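Predicted model only: the values in this text are computed from it and were never measured.
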Amino acid sequence: MSVISSSESTLDTISQSVKDTSTSAFSNDVIEASRRCLILVDFWAKWCSPCKQLTPILESVVATYVGKVKLVKLNIDEHPAIAGQLRVQSLPTVYAFRNGQPIDGFMGIQPESAIREFIDRAIEPDMKSELKGKLTQAEEALGVGNLQIAADIYATILQSEPQNPDALCGLANCYLSSGDRERARQTIALIPPEKNHLSSVKSIIATLELVEKTPFAKELGPLEARLKANPADSEARFELAIAAAANGDKKRAVDELLDLFRLDRNWNQGAARKQLLQFFDAWGPKDPHTLDGRKRLSSLMFA
């Protein structure tokens with residue numbers, strides 16, 4: 001019974017992804033439809049033996065893309081005008097259309113693997129655009145504190161791209177925001193090592209390290225008192241900077257570390273500079289405190 005159901009489901013998927021067209025319907029079936037998803041046009045004829053071999057492969061492959069790609073078949077004997085306009089010279093010929101324009105094509109019988117490569121290459125801009133949109137939605141949800149919505153979007157992305165670094169970073173950020181450092185750490189561990197140079201990866205790793213270093217906001221009073229009593233107390237100034245960052249006062253954190261660097265850049269093996277760079281990674285390259293801090297640090301280093 002399950003085999004029959006599976007077979008019927010496959011046939012239904014193919015029927016939804018494949019259709020025949022005509023000269024009069026071509027504009028609607030191909031030109032307009034390609035603005036919504038990738039359209040493959042299969043130019044064929046009844047007398048063409050290779051066409052009969054290629055079409056079933058096309059139908060089967062297209063069905064696996066579940067609506068992201070559709071196959072439109074055009075019999076050139078019955079509707080020669082379109083084939084003539086597109087200069088189809090041999091059969092079978094397949095063109096890929098996106099946004100109303102033919103963007104790629106191939107002629108002759110192709111194995112399933114080659115057809116998949118062809119489709120993936122043609123659909124990549126659409127997939128990137130869709131991915132970018134999902135990531136933006138997740139970032140916006142995370143930004144306003146809708147952790148569950150953001151996590152659901154990141155999880156959806158990871159279902160199709162298990163190692164997507166931006167989605168993994170975003171999901172780890174959701175865990176951190178909810179206080180679950182262990183699951184954040186586990187999620188970060190799934191990021192491929194070759195992606196560690198990305199700013200988003202550097203940011204989440206640095207953020208986790210900062211959270212583990214100072215998980216809660218601290219009272220600044222005792223540290224300020226120590227520093228007032230002894231302005232040369234480098235350890236107090238360093239701890240004050242970290243505490244200020246934990247309290248969300250990025251400006252003061254940068255100011256204190258730059259003062260420490262100015263007073264003694266070699267203190268504790270250059271700890272002030274190292275901590276600044278960790279802050280910059282955690283805050284991201286576009287954060288105004290990162291931009292200002294990097295500029296001021298460079299001025300001090302090369303003064």
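Taking both residues in full, the closest heavy atoms of Ala167 and Ile157 are given as CB-CG2, 3.8 Å, listed atom of the first, atom of the second, then distance. Minimum interatomic distance between Ala184 and Ala172 (heavy atoms only, all atoms of both residues): CB-O, 3.6 Å. Residues Arg98 and Ile103 approach most closely at NH1-CD1, 3.2 Å, considering heavy atoms. Across all non-hydrogen atoms, the minimal contact from Cys174 to Ala150 is SG-CB, 3.8 Å. Counting all heavy atoms, side chain and backbone alike, Ala45 lies closest to Leu91 at CB-CD1, 3.7 Å. The two residues Ile115 and Leu54 come nearest to each other via the heavy atoms CD1-CD1, 3.8 Å.
Using a 4.0 Å cut-off between charged side-chain N and carboxylate O, Glu161 and Lys134 make no salt bridge. Taking 4.0 Å as the cut-off between side-chain N and carboxylate O, Lys70 and Asp29 do not count as a salt-bridged pair.
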Residue pair Asn196, Lys202: steps toward the side-chain contact (heavy atoms from CB on, under 4.5 Å) verdict:
CA-CA 6 Å; Asn196 285 347; Lys202 288 182 178 180; over 6 Å; no
task = Begin with the C-alpha distance, continue with both residues' side-chain angles, and end with the deciding distance and a verdict on side-chain contact (heavy atoms from CB on, under 4.5 Å) for Phe118 and Gln110.
result = CA-CA 10 Å; Phe118 173 79; Gln110 301 289 329; over 6 Å; no
TODO: Please step through side-chain contact (heavy atoms from CB on, under 4.5 Å) for the pair Trp283 and Lys250, ending with a clear verdict.
DONE: CA-CA 9 Å; Trp283 300 339; Lys250 296 179 181 180; 3.6 Å; yes
Would you please test Val18 and Asp42 for side-chain contact (heavy atoms from CB on, under 4.5 Å) and show each step? CA-CA 10 Å; Val18 180; Asp42 176 18; over 6 Å; no
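Side-chain rings of Phe43 and Tyr95 approach one another, their centers coming within less than 6.0 Å.
Clustering ILVMFWY residues whenever any of their side-chain heavy atoms sit less than 4.5 angstrom apart, transitively, puts Ile31 in the very cluster that holds Leu86.
Remark: Glu194 CD is packed, more than 12 non-hydrogen atoms of other residues, nucleotides or ligands lying under 6.0 Å away.
Put simply, the side chain of Gln278 does not reach to within 4.5 Å of the side chain of Lys274, judged on heavy atoms. Within the 4.5 Å cutoff, the side chain of Ser22 has heavy atoms near those of the His79 side chain. The shortest side-chain heavy-atom distance between Ile82 and Val30 does not fall under the 4.5 Å cut-off. In this structure, the side chains of Asp120 and Tyr65 come closer than 4.5 Å at one or more pairs of heavy atoms. Side-chain contact check for Asp77 versus Lys46: every heavy-atom pair is 4.5 Å or farther apart. Val254 places a side-chain heavy atom less than 4.5 Å from the side chain of Leu276. The shortest side-chain heavy-atom distance between Ser203 and Cys169 does not fall under the 4.5 Å cut-off.
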N/O donor-acceptor pairs under 3.5 Å from side chains in residues 293-303, not counting sequence neighbours:
from   : atom 1 : to     : atom 2 : distance (Å)
Arg296 : NH1    : Asp255 : OD1    : 3.0
Arg296 : NH1    : Asp292 : OD2    : 3.2
Arg296 : NH2    : Asp255 : OD1    : 3.0
Ser298 : OG     : Arg294 : O      : 3.0
Ser299 : OG     : Lys295 : O      : 3.1

Under 3.5 Å, which donor-acceptor pairs link side chains of residues 228-239 to any protein atom two or more places apart or in another chain?
from   : atom 1 : to     : atom 2 : distance (Å)
Asn230 : OD1    : Ala232 : N      : 3.2
Asp233 : OD1    : Glu235 : N      : 3.3
Asp233 : OD1    : Ala236 : N      : 3.1
Asp233 : OD2    : Arg226 : NE     : 3.4
Asp233 : OD2    : Arg226 : NH2    : 3.2
Arg237 : NH1    : Glu256 : OE1    : 3.0
Arg237 : NH2    : Pro231 : O      : 3.1

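Taking CG from Asn173 and CG from Asp166, the interatomic distance works out to 12.0 Å, rounded to the nearest 0.5 Å. The distance from atom CG of Asp259 to atom CG of Leu227, rounded to the nearest 0.5 Å, is 9.0 Å.
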